[in-house]
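Just follow the structure's listing: the first ligand is 1, and inside any ligand the first atom is 1.
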Amino acid sequence: MTTLLMDPAPLVRAHDAGALAPRAEFPLLAADPALVYLDSAATAQKPRAVLDAMRAYYETANANPHRGAYRLSAAATEAYAAARARVARFCGLADADCLVFVRGTTEAMNLAAGSWGRAHVGPGDEVVVTAMDHHAAFVTWQQLARERGAAFRIAELTADGRVDEDHFASLLSERTRVVAFPHVSNALGTVNPVARLAGLARERSGGRALVVCDGAQGVPHMAVGFDALAAAGVDLYAFSGHKVGGPMGVGALLGRRAVLEAMPPWQFGGDMISRVGDEETTWNALPHKFEAGTPNVGDAVGLAAAVEWLDALGADRVLAHERALAARALDALGALPGLTLYGPGAESRSGVVSFSVEGVHPHDLATILDERGVCIRAGHHCAQPLMRRLGVPATARASFWAYTTPEDVDALVDGVRAAQRLFGVGG
Ligand code: PMP
């Protein structure tokens, strides 16, 4: 550590040169000009517009929606419906009733498996995931397969970290009942060809498989266009609000109407019922059938504000911005001795750069970077099956978003060099 103290990073940020969104719009970043936040794939910082919208909701419209006959409750009901409509529009989903608010991607996957999976998967069936799936999808479908006596198949990856489409296709047949894959890998940054994979799954399964796309790393970085993906074969698409600049605790499951209508409820309680008899109960219409209990209105309002903000910024511009930063990071890190970079070239990835530094454990690297104000993630990134295939227990991961600047990337690279000096590695 002495070396570091004698060699501090010259990190006083005077401006936002090269950011897509000004740092000043993010109170947490604005409060600490020296902070280099490179963990946006884990959670994004929140624009002021989100915090303002949530405060305004709680200060002017907070009540339990759906249940009250008074105006304040009607205001809360309207705020919730407006949030749903706004998020659906952002996602390219015309039928807003086909957007179910959930806690996040993890809950969406559990909903899909607990409802569709339990109702439709049985012995002799097959469930297909990929080796790059996040545990939220991988473990959920693995356990569903075990519980239902179905076979669990894993599509392998190419050496540069893409889904091996030949292997993926070879796993699909009329026995396939579920196919799950991520839009973008959180550990590698690989952007998958969603429409092509979904089309293959639909075709090879004869339309019998549920095609589920984990969009946790998709929605924050590009315009998704759910209806077009649904036409190509995607049945369900899930994401988390907190990675889009919204609050933690809210996300969405988007689905094709026919699929959602055929799914039984997965949680019971208030709001999700139509009529409750002594022996039998009937279910409310979409989306309420899947939203038992008091909904998370405040966070839904925050998520709507986040997508409004992202729309104004230009969701389509985010990926290009991140790719330019990824290219800069891959070039600079790739030039250092003893660096292993994982995943495809910048043109096929989002703003995620995963790497290992020979002789420096990822956790040590993250600690050293933290001393310089640089936040990265070290670990298995909830992708242990992928780590096994890479042959490492963990990687270091830097991830970018709209506020990230080339200067941030340079701070990362400087920090990696400093860590190598400290450990006496890298020549
Ligand atoms: N899938 C992917 C690809 C993710 O990156 C994450 C978050 N790391 C999740 C699922 C789970 O999201 P959450 O923890 O918000 O439910």
Side-chain angles (χ1 to χ4, degrees), residues 37-46 50 87 91 100-114 129-144 154-155 157 161-163 179-192 194 197 211-222 224 229 234 236-254 266 296 299-300 302-303 306-307 318-319 322 342-343 349-354 375-387 394-401:
Y37 184 73
L38 300 179
D39 198 18
S40 295
T43 200
Q45 296 305 337
K46 318 305 175 199
V50 169
V87 178
C91 295
V100 177
F101 279 123
V102 289
R103 233 167 14 99
T105 311
T106 304
E107 188 169 274
M109 285 297 158
N110 279 273
L111 192 169
V129 301
T130 74
M132 65 164 74
D133 269 290
H134 187 279
H135 294 166
F138 194 98
V139 179
T140 305
W141 293 114
Q142 176 196 61
Q143 293 305 307
L144 185 272
I154 304 166
L157 309 183
R162 301 164 202 265
V163 174
V179 179
F181 54 84
H183 190 158
V184 178
S185 157
N186 66 306
L188 297 172
T190 316
V191 180
N192 285 318
V194 175
L197 297 181
V211 179
V212 189
C213 183
D214 169 352
Q217 302 291 344
V219 177
H221 311 289
M222 64 195 88
V224 165
L229 293 182
V234 173
L236 298 175
Y237 186 98
F239 73 96
S240 302
H242 67 94
K243 297 181 199 277
V244 192
M248 290 184 179
V250 69
L253 177 67
L254 286 59
W266 79 300
N296 184 0
D299 287 340
L303 175 54
V307 302
V318 179
L319 189 61
E322 290 180 5
Y342 303 103
R349 68 165 83 199
S350 67
V352 169
V353 175
S354 241
C375 313
I376 66 156
R377 187 142 296 245
H380 54 64
H381 316 297
C382 294
Q384 287 183 4
L386 172 62
M387 295 296 124
T395 72
R397 181 189 75 179
S399 57
F400 316 138
W401 205 40

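Using a 4.0 angstrom heavy-atom cutoff, H183 does not count as in contact with ligand 1. Within the structure, the closest approach of H242 to ligand 1 falls below 4.0 Å when heavy atoms are considered.
S240 OG, 3.4 Å is the protein heavy atom nearest to atom 12 (O) of ligand 1. Closest to atom 4 (C) of ligand 1 among all protein heavy atoms lies H134 CD2, 3.3 Å. In this structure, the protein non-hydrogen atom closest to atom 5 (O) of ligand 1 is Q217 NE2, 2.7 Å. Nearest protein neighbour of atom 16 (O) of ligand 1, counting heavy atoms only, is T106 OG1, 2.6 Å. Nearest protein heavy-atom neighbour of atom 7 (C) of ligand 1: K243 NZ, 2.6 Å.
Of the possible donor and acceptor atoms, one in the side chain of H381 sits under 3.5 Å from a partner among the backbone N and O of T395. Between the side chain of H221 and the backbone N or O of V219 there is no donor-acceptor pair closer than 3.5 Å. For the pair S40 (side chain) and F400 (backbone), a donor-acceptor distance under 3.5 Å is absent. A donor-acceptor pair under 3.5 Å is absent between the side-chain atoms of R103 and the main chain of T106, judged by distance alone. With hydrogens and angles ignored, the 3.5 Å screen pairs no side-chain donor or acceptor of T190 with any backbone N or O of R162.
Less than 4.0 angstrom separates some heavy atom of A136 from each of these atoms of ligand 1: 10 (C).
Heavy-atom minimum distance, A136 versus M109: O-CB, 3.4 Å.
Counting heavy atoms closer than 4.0 Å to ligand 1, residue D214 contributes side-chain atoms (C-beta onward) but none from N, CA, C or O. Of all the heavy atoms of A216, the ones lying under 4.0 Å from any atom of ligand 1 belong exclusively to the side chain.
Residue E107 places no N or O, backbone or side chain, under 3.5 Å from any N or O of ligand 1.
Relative ring orientation between Y237 and H183 is described as perpendicular, the plane-to-plane angle rising above 60° on a 0-90° scale split at 30° and 60°.
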